[in-house]
Amino acid sequence: MSKSKEQLEIKINKNWCKGCGICIAFCPKKVLGFDDNGKVNMNDRENCIKCGQCELRCPDFAIFLGGIDNE
Amino acid sequence: MKNSELVSKYMRDSRLPHIWCPGCGHGIIMHSIIRAIENLGLDKDKVTIVSGIGCSSRAPGYMDFNTLHTTHGRALAFATGIKLAKPDMKVIVISGDGDASAIGGNHLIHAARRNIGITTIVFNNNIYGMTGGQYSPTTPHGDFGTTAPYGNIDRPFDIANLAAAAGATYAARTTAFHATQMTNYIQKAIAHEGFSLVEAISVCPTYYGRKNKKGSAVAMMNFLKESFVDVKAAERMTPEQLQGKFLMGEFKHNTQLPEYSAEYQKIVDRLRKE
Ligand SMILES: Cc1ncc(C[n+]2csc(CCOP(=O)(O)OP(=O)(O)O)c2C)c(N)n1
Ligand code: SF4
Ligand code: SF4
Ligand code: SF4
Ligand SMILES: [Mg+2]
């Protein structure tokens with residue numbers, strides 16, 4: 001929980017994503033989109049600012065900032 | 001790692017994904033509750049979450065605490081028993097607008113009147129979601145439901161101010177869009193000694209949304225973003241600017257009045273001495 005931004009990255013659990021589009025709509029950097037199955041996709045990891053807005057409003061716990069080392 | 005640390009710590013993740021529809025605001029509110037509990041550093045065994053019946057009331061089934069799923073409208077009655085038996089327990093009630101203000105409306109006002117140390121989080125989606133879109137006591141005037149096919153002629157309850165008027169000593173309202181503020185209010189509500197209520201405005205894209213042509217979950221979230229104004233900001237706004245707006249914020253925070261289970265304990269202690 002106390003990891004610095006460098007140690008975190010956006011992770012997606014596609015099994016739980018229901019494709020509501022909320023995270024995509026409210027991402028300030030517009031780096032998220034839909035994949036061919038209508039689930040969320042990280043389109044531009046370089047420009048993600050790790051603000052956590054997507055995690056904050058995902059109703060399904062399907063997108064979150066997680067530790068890079070913990071894969 | 002499949003889930004966030006928060007989810008692994010506080011959710012019964014083998015039961016996820018939850019049954020709620022895509023874009024249902026209830027999941028956002030449930031997430032805010034566990035974030036608030038994490039911020040408060042509470043011991044999971046010292047927290048009991050109680051619910052009634054409804055889509056919202058399914059939440060405790062996914063949450064890894066002491067949990068109790070009771071009957072429609074009666075969560076506060078069960079919660080009152082738990083609080084009196086275990087005054088040190090943090091008791092949280094999760095309820096819907098129908099559960100809390102229709103069938104359970106009397107339990108709500110009397111729990112508030114007693115100022116019993118229970119935190120109630122009302123997931124208000126302005127409709128009976130679980131049973132297919134009947135209007136509830138918070139469905140706005142003129143809106144549609146399966147039981148209001150020609151438009152609702154009722155005027156809605158303001159649940160946060162209803163609770164405050166009935167005696168709740170902490171009462172606030174916020175929305176699924178304003179999820180950081182929601183976490184903050186829930187945190188304050190749980191830390192509060194007396195009866196606290198957070199009216200968490202949710203979205204039901206499936207029934208309320210479709211019946212009222214509100215568009216997608218994203219459109220409904222945008223509506224929350226645009227339409228809710230903080231009470232403090234509203235003081236500086238003109239009636240024209242406030243047209244079509246709804247108020248959110250903290251409506252009551254009184255830490256002076258005695259809490260019910262503590263008063264009850266005083267009687268027990270006195271009689272034991274005699
Ligand atoms: C005694 C009783 N009456 C009626 C019902 C049917 N019923 C189940 S949920 C519900 C309404 C739920 O609405 P709300 O509390 O707003 O929750 P939501 O599903 O919208 O989250 C009703 C009327 C019931 N289960 N028990
Ligand atoms: S962390 Fe922020 S910038 Fe990155 S995907 Fe999520 S919302 Fe977008
Ligand atoms: S908010 Fe969650 S469920 Fe909705 S599209 Fe994004 S990851 Fe999927
Ligand atoms: S019916 Fe409405 S409240 Fe119930 S899960 Fe679906 S969107 Fe949520
Ligand atoms: Mg409801």
Side-chain angles (χ1 to χ4, degrees), chain A residues 1-45 47-71, chain B residues 1-32 34-35 38-39 41 55 59 62-63 123 125 175-184 202-206 209 215-225:
Chain A
M1 223 107 302
S2 52
K3 291 188 180 70
S4 71
K5 274 197 176 180
E6 293 72 52
Q7 295 169 294
L8 294 170
E9 67 178 7
I10 282 298
K11 302 200 170 185
I12 292 169
N13 179 350
K14 296 216 186 201
N15 291 327
W16 289 1
C17 172
K18 292 175 187 160
C20 68
I22 290 173
C23 60
I24 300 170
F26 298 110
C27 167
K29 302 308 280 183
K30 300 282 170 237
V31 298
L32 301 171
F34 289 112
D35 69 11
D36 292 341
N37 298 317
K39 308 245 180 177
V40 70
N41 197 60
M42 173 53 88
N43 289 343
D44 182 4
R45 195 171 288 282
N47 284 310
C48 164
I49 54 170
K50 305 181 186 181
C51 63
Q53 293 288 306
C54 48
E55 177 174 0
L56 184 67
R57 300 194 187 86
C58 170
D60 285 273
F61 310 99
I63 186 165
F64 60 97
L65 280 169
I68 285 174
D69 304 333
N70 286 351
E71 239 340 302
Chain B
M1 189 176 60
K2 201 165 141 269
N3 304 320
S4 74
E5 287 176 30
L6 202 65
V7 168
S8 306
K9 188 167 169 189
Y10 296 110
M11 305 298 293
R12 294 172 179 151
D13 50 8
S14 63
R15 297 206 184 171
L16 294 170
H18 53 60
I19 50 141
W20 295 323
C21 306
C24 174
H26 290 356
I28 306 174
I29 305 169
M30 184 163 72
H31 205 161
S32 282
I34 59 168
R35 223 179 275 119
E38 165 73 11
N39 293 348
C55 293
Y62 303 112
M63 304 172 80
F123 291 29
N125 55 9
T175 87
F177 177 80
H178 304 88
T180 302
Q181 185 191 54
M182 183 180 291
T183 305
N184 179 24
S202 188
V203 294
C204 170
T206 303
S216 65
V218 169
M220 294 179 80
M221 289 285 284
N222 264 315
F223 178 82
L224 299 182
K225 180 184 175 189

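Within every chain, numbering begins at 1; the chains are lettered A, B, ... in the order of the sequence lines, protein sequences first and strands thereafter.
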What one should report as the nearest heavy-atom pair of B:F177 and A:R57 is O-NE, 2.6 Å
The interface call for B:V218 against chain A, heavy-atom contacts under 4.5 Å, is both
Drop me the distance from B:C21's SG to A:D60's CG, to the nearest 0.5 angstrom. 10.0 Å
Taking all non-hydrogen atoms of both residues, which atom of A:L56 and which atom of B:A179 are closest, and how far apart? CG-CB, 3.6 Å
Does any heavy atom of chain A fall under 4.5 Å from the side chain of B:M182, the backbone, both, or neither of them? neither
Check each atom of B:T180 against the heavy atoms of chain A and say whether the ones under 4.5 Å are side chain, backbone, both or neither. both
Work out which heavy atom in B:G23 is nearest to a heavy atom in A:P59; give both atom names and the distance. CA-CG, 4.1 Å
Parallel, tilted or perpendicular: which describes the rings of B:H31 and A:F61, with under 30° parallel and over 60° perpendicular? tilted
Check whether more than 12 heavy atoms from other residues, nucleotides or ligands sit under 6.0 Å from atom NZ of A:K29, and answer yes or no. no
Of the non-hydrogen atoms in B:R35 and A:E55, which two are nearest, and what is the gap between them? NH2-O, 4.1 Å
What distance separates A:N13 CG from B:S4 OG, expressed to the nearest 0.5 Å? 10.0 Å
Test item: B:N3 and A:W16 side chains (from C-beta on) under 4.5 Å apart, heavy atoms: yes
Has the side chain of A:K18 got a donor or acceptor atom that lies under 3.5 Å from a matching backbone atom of B:C24? no
